[in-house]
Amino acid sequence: MAMKGLVSAAVAAVLVLFAAGFAAIWFSPSVQDAMLRRVVAANMTFNEAVLDPEALHVVLCGTGSPMPDPHRAQSCAIVYAGEHVFVVDAGLGGWDRLAAFGLPVGNLSGVLLTHFHSDHISGLPDIALNSWASGRREPLALYGPPGVETVAAGFDLAYSLDDGYRIAHHGPDFFAADGANYRPIMVDVPDRETGVVFFDEAGVKITAFRVSHEPVEPAYGFRIDYKGRSVVFSGDTKKDHNLAVFGEGADVMIHEALAAHMVDLLGEGLAARGDRRSKVMYDIQNYHATPVEAAATANEAGAKLLVYTHIVPRLPNALAERVFLRGVSDVRKRGVMIGYDGLYLRLPAGSEKIETIDLR
């Protein structure tokens with residue numbers, strides 16, 4: 001009930017902010033200030049709840065794909081575990097969702113990149129800038145496969161002028177010069193049989209392992225363990241037994257999914273119009289998992305909850321969602337949900353409970 005109250009408070013805060021627009025005309029400055037203080041107080045209360053150190057928290061801030069979807073940002077999630085905060089992939093629009101949900105990023109520990117397709121890195125500059133503005137003073141750590149150095153160097157160069165303008169305008173006390181930079185940390189997973197623990201601090205353990213997304217090589221999945229709770233991210237992959245191996249016993253498996261029976265129809269429609277993008281619809285099917293395949297993997301791992309992300313194609317209504325899930329119930333009867341931007345999963349320590357909260 002407490003968490004429902006927090007969400008209600010956040011909704012109330014939005015309404016108050018909307019009302020504040022009229023306050024400029026109808027109310028005195030002191031009344032306007034009081035209204036804005038209520039907005040700030042509501043957000044601060046929610047942020048404190050998110051940062052409860054005795055639970056593992058996961059918020060999906062992007063559940064879409066490169067295919068345009070007005071309701072889904074590209075691949076992005078944020079994980080809070082005690083004193084550490086990690087973003088997992090940073091697709092376009094992910095920061096907009098984080099801001100809309102009022103989630104804190106000033107103490108961001110780093111970004112975990114599963115691979116370097118554009119929809120997993122295109123939102124990095126927004127996350128870097130806003131975590132910098134929120135108080136991050138050290139270079140932003142980017143953890144990822146070989147090639148992460150190239151990504152970091154590219155963004156550093158592309159935004160070097162912008163960074164200089166902001167430091168000159170606001171001053172180095174506000175925008176610390178080091179905070180403008182990226183710190184690439186290459187995670188080397190030598191083979192498919194090896195899981196590499198590349199972060200192990202303050203009770204937070206993060207493991208990288210290989211998944212199958214050829215010709216992207218290597219592509220990683222990540223497992224995050226904290227206080228006896230765990231979440232596994234598939235990254236982009238076709239059905240891969242490695243997820244069952246390294247995701248064994250996970251509380252939550254967040255797995256990408258492409259509904260081939262729906263994408264086939266899109267390909268046929270494009271082909272009938274002579275649209276060359278029909279080739280893309282056929283090509284993408286050989287390096288993504290279907291919802292049924294992801295469900296089978298979750299069963300092999302013994303994961304308690306399977307959450308679909310990187311949803312392909314877009315699902316504009318409840319009927320499309322039912323078509324997307326066709327055949328899943330034959331494989332996995334319960335513990336399945338279609339992820340959405342704003343899905344908040346709270347996993348308290350010393351419990352098997354998984355709380356799901358809608359932040360939208």
Side-chain angles (χ1 to χ4, degrees), residues 7 10-11 14 43 46-47 50 57-80 85-106 108 110-134 140 142 144 151 155 159 213 219 221-222 224 231 233-237 252-259 262-263 280 284 288 291 294 307-317 320-321 324 337-345 356-360:
V7 174
V11 173
V14 172
N43 282 335
F46 179 75
N47 290 345
V50 167
H57 310 267
V58 182
V59 180
L60 299 186
C61 44
T63 55
S65 73
M67 299 174 68
D69 188 333
H71 302 296
R72 299 180 188 273
Q74 293 178 354
S75 295
C76 179
I78 192 165
V79 177
Y80 297 89
V85 183
F86 287 95
V87 168
V88 182
D89 284 329
L92 192 64
W95 165 254
D96 294 343
R97 298 294 197 260
L98 291 173
F101 304 147
L103 297 172
V105 297
L108 186 60
V111 179
L112 314 181
L113 298 174
T114 60
H115 65 294
F116 307 126
H117 266 145
S118 61
D119 58 310
H120 293 254
I121 63 172
S122 53
L124 264 175
D126 288 337
I127 290 172
L129 171 62
N130 286 282
S131 60
W132 188 26
S134 296
L140 179 59
L142 300 184
V151 171
F155 280 122
Y159 283 82
H213 196 46
F222 295 117
I224 301 177
V231 57
F233 295 90
S234 73
D236 282 7
T237 183
V252 179
M253 178 174 286
I254 297 175
H255 201 303
E256 66 112 274
L258 176 150
M262 300 174 78
V263 174
V280 176
I284 61 177
H288 290 288
V307 180
Y308 293 119
T309 191
H310 198 275
I311 305 297
V312 181
R314 62 169 294 213
L315 305 175
N317 51 45
E321 291 180 359
F324 181 84
M337 64 185 303
I338 297 174
Y340 53 84
D341 296 9
L343 173 61
Y344 169 24
L345 304 170
T356 60
I357 300 164
D358 189 340
L359 299 184
R360 294 174 297 182

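Just the heavy atoms: all of them, side chains too, but no hydrogens, waters or symmetry mates, feed the values below.
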Give me the ring orientation class for H115 and H117: parallel if the planes are under 30° apart, tilted from 30 to 60°, perpendicular past 60°.
perpendicular

Looking at G339, is its backbone amide N or carbonyl O close enough to the side chain of T309 to form a donor-acceptor pair, meaning the two atoms are under 3.5 Å apart?
no

Specify the closest pair of heavy atoms between S234 and E256, including all atoms of both residues, with the distance to one decimal.
OG-N, 3.1 Å

Atom CG in D341, atom CG in D358: separation rounded to 0.5 Å?
10.5 Å

Are L60 and V307 packed together at the side-chain level, in the sense that at least one heavy-atom pair is separated by less than 4.5 angstrom?
yes

Does the side chain of Y80 come within less than 4.5 Å of L103's, by heavy atoms?
yes

How are the rings of Y308 and F324 set to each other: parallel, tilted or perpendicular (split at 30° and 60°)?
perpendicular

With F233, which residues qualify under ring-ring contact (aromatic ring centres under 6.0 Å, His included), at least two apart?
none

Exam field: side chain D69 to backbone R314, donor-acceptor pair closer than 3.5 Å:
no

Enter the distance from H310:NE2 to C76:SG here, rounded to the nearest 0.5 Å.
12.5 Å

Return the CZ to CZ distance between R97 and R72, rounded to the nearest 0.5 Å.
9.5 Å

Go through it in stages, so that I can follow the logic: the residues are V79 and L112, the test is side-chain contact (heavy atoms from CB on, under 4.5 Å), and I'd like the CA-CA distance, side-chain angles, deciding distance and then a yes or no.
CA-CA 10 Å; V79 177; L112 314 181; over 6 Å; no

Mind listing the closest non-hydrogen atom pair of S131 and V105 along with its distance?
CB-O, 3.5 Å

Heavy-atom check, side chain of T63 versus side chain of L343, under 4.5 Å
no

For residues P291 and L258, report the shortest heavy-atom separation together with the two atoms involved.
CD-O, 3.4 Å

What is the distance from atom CD1 of I254 to atom OG of S75, rounded to the nearest 0.5 Å?
11.0 Å

So do D89 and L113 actually touch side chain to side chain, heavy atoms under 4.5 Å?
yes

V111 vs L124, test: side-chain contact (heavy atoms from CB on, under 4.5 Å). Steps then yes/no.
CA-CA 9 Å; V111 179; L124 264 175; 4.1 Å; yes

For H71, does its backbone N or O pair with a side-chain atom of Y340 as donor and acceptor, under 3.5 Å?
no

From CD1 (I127) to CD1 (I78), nearest 0.5 Å:
7.5 Å

Could you tell me if the side chain of V58 sits less than 4.5 Å from the side chain of I224, heavy atoms only?
no

Would you find a donor on one side and an acceptor on the other, under 3.5 Å apart, between the side chain of D236 and the backbone of H288?
no

Below 4.5 Å, heavy atoms only, C-beta onward: do I357 and L359 meet side chain to side chain?
yes

If you take all heavy atoms of S134 and N130, which pair is closest and at what distance?
OG-O, 2.8 Å

Of all heavy-atom pairs between G94 and A73, which one has the smallest distance, and what is that distance?
N-CB, 3.8 Å

Got S122 and Q74 here, is their nearest side-chain heavy-atom distance under 4.5 Å?
yes

Closest non-hydrogen atom pair, A320 against M262
O-CE, 3.8 Å

